[in-house]
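Have a look at the structure below before the remarks.
Scope of the values below: all heavy atoms of this structure, side chains included, with no hydrogens, waters or symmetry mates.
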Amino acid sequence: MASMSFSTTFFTRLHDFTRTNQTPSPSLRFIKSPFASSKSTFFQTGFSLPSNLPSFLIKPKSFSVNARAATDKTIYDFTVKDIEKKDVSLSKFKGKVLLIVNVASRCGLTSSNYSELSRLYEKYKNQGLEILAFPCNQFGMQEPGSNQEIKQFACTRYKAEFPIFDKVDVNGPFTTPVYQFLKSSAGGFLGDLIKWNFEKFLVDKNGKVVERYPPTTSPFQIEKDIQKLLAA
């Protein structure tokens, strides 16, 4: 089934890309995002999602594998680099339930997400949950540090024990292949675009994406979905 399309007439305010250092608006807004990092001048738009949006805008009822054309690939077909830039085949996570998150160290969502992710991991890691964190600097330049700085921040401040990988692009022409797969497997509001830091994908024990959650969905809100997949 083709992905759902939406009209941008939902939005009432267009961000002026020619102005800088503006105070973020409490309403839904367009924001400039350097998706291609230093390798390209390519730019797209990202979206911040205020928590007071209507629920149908924040979390669509169903954008699971049925939202996009079926693919024979699984998450296990991909190899990524860890925080030390060593190759890691995701096939090592076969039989696990995966929660995959694009993370940042300087976002307003950082503290709550890292804290809750760490608590979920501690609670369910022995039952088969793995959390895979992919740092990304494409949203507000909120992950500017080196891999070692990111690792120290997450592990020292939030006691993160789950795997943290090499910094990646999740949108634009240099999107890392695993994120191309995640987005093609589960379209979301406004299509494939990752909208901000801490967007989340839930992957079942067979390596298939079963749900996609917007950045404003807290890890604790996903706990029941995780429990169902662990029990399956």
Q: Output yes when Glu223 and Lys123 qualify as a salt bridge under the 4.0 Å nitrogen-oxygen rule, no when they do not.
A: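 Between Lys123 and Glu223 there is a salt bridge, with a charged N closer than 4.0 Å to a carboxylate O.
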Q) Does the distance from a Lys or Arg side-chain N to an Asp or Glu carboxylate O, for Lys125 and Glu130, drop under 4.0 Å? A) no
Between [X] and [Y], a side-chain donor and acceptor under 3.5 Å:
| X | Y | value |
| --- | --- | --- |
| Asn197 | Gln142 | yes |
| Asn102 | Lys200 | no |
| Gln180 | Thr175 | no |
| Asn171 | Lys183 | yes |
| Asp225 | Tyr213 | yes |
| Tyr124 | Gln227 | yes |

Q. Quick one: NZ on Lys96 to CG on Asp204, what's the gap to the nearest 0.5 Å?
A.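 With rounding to 0.5 Å, NZ (Lys96) is 14.5 Å from CG (Asp204).
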Q: Mind checking the OG-NZ spacing from Ser105 to Lys151? Nearest 0.5 Å is all I need.
A: 14.0 Å
**Q.** Among Tyr114, Phe153, Phe134, side chain to side chain contact (heavy atoms under 4.5 Å, CB included) partner for Val103
**A.**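 Result for side chain to side chain contact (heavy atoms under 4.5 Å, CB included) with Val103: Tyr114.
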Q. Does CD belonging to Glu84 count more than 12 external heavy atoms closer than 6.0 Å?
A. yes
**Q.** ring pair (Phe, Tyr, Trp, His ring centres under 6.0 Å) between Phe93 and Tyr76, intermediate numbers included
**A.** CA-CA 8 Å; Phe93 299 111; Tyr76 310 133; 8.6 Å; no
Q. Between the main-chain N or O of Ser112 and the side-chain N or O of Ser115, is there a donor-acceptor pair closer than 3.5 Å?
A. no
